[in-house]
Protein chains: 2
Amino acid sequence: MRRIAPDRDQLLAIIAEVFREHGYEGASLALIGAATGLGKGSLYHFFPSGKEEMARAVIDNIDGWFEDNVFAPLHDNPDPQAGIEHMVAATDSYFRSGRRVCLIGAFALDQSRDLFASQIRDYFGRWVAHLADALARAGHRPAEAGELAEETVAAIQGALTLARAADDLDVFSRTLRRLRMRLGLPANI
Amino acid sequence: MRRIAPDRDQLLAIIAEVFREHGYEGASLALIGAATGLGKGSLYHFFPSGKEEMARAVIDNIDGWFEDNVFAPLHDNPDPQAGIEHMVAATDSYFRSGRRVCLIGAFALDQSRDLFASQIRDYFGRWVAHLADALARAGHRPAEAGELAEETVAAIQGALTLARAADDLDVFSRTLRRLRMRLGLPANI
DNA sequence: GCGACATTGTACCGAACGGTACAATAAGTC
DNA sequence: GACTTATTGTACCGTTCGGTACAATGTCGC
């Protein structure tokens, strides 16, 4: 019964890639069908409310990944520095060193933000909050920790945009290197 | 006869706003027609190659505005600090303190980047190059100036994304304040 | 085997898409 | 006035859009 669960993760990953590459409007059901190998019958079986439900599920899935691999380590690791280190590494890995774009960031920019406003706000809000918390525990003053957290998350988003605009992956790795320094992490791991 | 878009610059500004809000795919000719008050006959009269030509003209128009109001001051002002100050003010003004999104940045994220790749790369490349030049003239070591310029442009893009995601304009103004400090500008003007 | 449910392919819908054709009208210019 | 060009409205094109209907097939417990 529940064995669709592991498959569902793969399915959502494929659909996410289509949304990532084409945006919400540009990701047609034809593209999604071609990428997943599923016809409309199957797609509407798994997502009865159609494209919007697919996008919502994709965002939830990404949010869950970040919750497990980024936010929770930031919050749970008794050593805040180690948690932050983990965040940087997971971020680099997730965005494939700049090859991948942030789907939720891309959604935030156009009209589709209105559809998913609360999910988008929640995702970025939790990222900033958990990072600020870890920075505060690492010794930063609370106000400074909040600003540095916001600056860090924004820098990652901006680096993804700029890396894709310039078609130069080094933009992203340079940004992570600078952030690492600013966050008080050792230069190399 | 009352014209809604008397001159080309105003027309392009209106079309730009539609692309900004809906993205390239989402900006339908119906939306563009409604926003400009022009029917398809007029739109195809001014832009014979259709939507792609409209987008290209809009990007050129934005690029030209930045050339005149941001890049040239950075390059021409004999006082590099004053040029950088001008850039920050013009940027704040152009993006309406975070209310507006960067159309070219948004285009860079999805599939439409492929259509406009060279224009997008050029825009950001010149922004970074001119800012780096001004920073070098202001006393930064060349390598450091390049990194700081890249960091600054990326931070602006990221702040626009985050401000819209969080629906909080303060994100943008806080970012500009931090950038101002890092760029060696006085805290207040 | 059976029945129950999960999954799929396919044909179809109305609406919207980008784009074209072209005649009607407006605006100069002489 | 007439001639020329710029601009516009409208009807239309083929295609694709997101979405629906539903019968056929697969998969499972029993």
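Naming convention: chains lettered A, B, ... in sequence-line order (proteins, then strands); numbering from 1 in each chain.
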More 5' along DNA chain D: B:Gly41 or A:Pro48, using each one's nearest nucleotide? B:Gly41

When the ring planes of A:Trp65 and A:Tyr94 are compared, do they come out parallel, tilted or perpendicular, using 30° and 60° as the limits? tilted

Whether B:Trp127 and B:Phe124 hold their rings parallel, tilted or perpendicular, with breakpoints at 30° and 60°: parallel

In terms of side-chain heavy atoms of A:Tyr44, which of C:dT7, D:dG18, D:dT8 is nearest? D:dG18

Using atom [atom1] of [X] as one end and atom [atom2] of [N] as the other, report the distance to the nearest whole Å.
{"X": "A:Leu43", "N": "C:dT10", "atom1": "CG", "atom2": "C1'", "answer": "14 Å"}
{"X": "A:Arg8", "N": "C:dA6", "atom1": "CZ", "atom2": "P", "answer": "14 Å"}
{"X": "A:Phe47", "N": "C:dT8", "atom1": "CZ", "atom2": "C1'", "answer": "15 Å"}
{"X": "B:Phe46", "N": "D:dT5", "atom1": "CZ", "atom2": "P", "answer": "17 Å"}
{"X": "B:Glu52", "N": "C:dG19", "atom1": "CD", "atom2": "C1'", "answer": "13 Å"}

Checking [X] side chain against [Y] main chain: does a donor-acceptor pair fall under 3.5 Å?
{"X": "A:Lys51", "Y": "A:Tyr24", "result": "yes"}
{"X": "B:Arg164", "Y": "A:Asp110", "result": "yes"}
{"X": "B:Glu85", "Y": "B:Leu185", "result": "no"}
{"X": "A:Thr36", "Y": "A:Ile32", "result": "yes"}
{"X": "B:Gln81", "Y": "B:Gly184", "result": "yes"}

Could you tell me whether the phosphate oxygens of D:dA6, OP1 or OP2, come under 4.0 Å of any side-chain nitrogen or oxygen in B:His45? no

Lys/Arg cation over aromatic A:Phe116: A:Arg56, 6.0 Å, 45° cone: no

Could you list all N or O pairs between the protein and nucleotides 13-17 of chain D that sit under 3.5 Å apart?
{"from": "D:dC17", "atom 1": "OP1", "to": "A:Ser28", "atom 2": "OG", "distance (Å)": "3.1"}

Can you run down the ring pair (Phe, Tyr, Trp, His ring centres under 6.0 Å) pairs that involve residues 128-183 of chain B, sequence neighbours left out, and say none if there aren't any? B:Phe71-B:His130, B:His75-B:His130

Donor-acceptor pairs are to be reported for all side-chain atoms of residues 43-50 of chain A against protein atoms at under 3.5 Å, with residues two or more places apart or in another chain.
{"from": "A:Ser49", "atom 1": "OG", "to": "A:Glu53", "atom 2": "OE1", "distance (Å)": "3.4"}

Divergence of helical axes at both termini of the helix from C:dG1-D:dC30 to C:dC30-D:dG1 - five pairs an end, 10° steps: 20°

Those residues at least two apart in sequence (or on a different chain) that pass side chain to side chain donor-acceptor pair (under 3.5 Å) with B:Glu147 are A:Arg178

Filtered N/O pairs between nucleotides 23-25 of chain C and protein, under 3.5 Å:
none

